[in-house]
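A short write-up of the structure that comes next.
Numbers for residues simply follow the sequence, beginning at 1.
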Amino acid sequence: MTGAGRMSGDGKISAERERCVGAGQCVLAAPAVFDQDEKDGLVLVLDERPPVSQSDAVHEAVRACPSGALALR
């Protein structure tokens, strides 16, 4: 689904929860897109295709992830 204002050129955000270490860097960088599970502290993707206005924050979150659990596909 590619709508106007969506991150169509960047693709879809994916998270490998088994690689996540719960550092929370993604939430700090892009709180509208990422959260942490209250039970285990691991990454939750709130919006797999966030608005283009979140593009810089999402790229920063992917770069900042210490475990490499995040990807743009």
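Here the closest heavy-atom approach between residue C26 and residue A61 is recorded as CA-CB, 3.8 Å. Nearest heavy-atom pair across Q36 and G22 is NE2-O, 3.1 Å. The shortest heavy-atom contact between P51 and D47 is CD-OD2, 3.8 Å. Counting all heavy atoms, side chain and backbone alike, Q25 lies closest to P66 at CG-CD, 4.3 Å.
Residues F34 and V45 are in side-chain contact: their nearest non-hydrogen atoms beyond the backbone lie under 4.5 Å apart. Between R63 and L70 the shortest side-chain heavy-atom distance does not fall below 4.5 Å.
With rounding to the nearest 0.5 angstrom, the NZ atom of K12 is 12.0 Å from the CG atom of L72. Rounded to the nearest 0.5 Å, atoms CG (D37) and CG (L44) are 5.0 Å apart.
Placement of L42 and I13 in two distinct hydrophobic clusters is found when ILVMFWY residues are connected by side-chain heavy-atom separations under 4.5 Å, directly or transitively.
For the pair Q54 (side chain) and A30 (backbone), a donor-acceptor distance under 3.5 Å is absent.
The local environment of CD in E18 is crowded, with over 12 non-hydrogen atoms from other residues, nucleotides or ligands closer than 6.0 Å.
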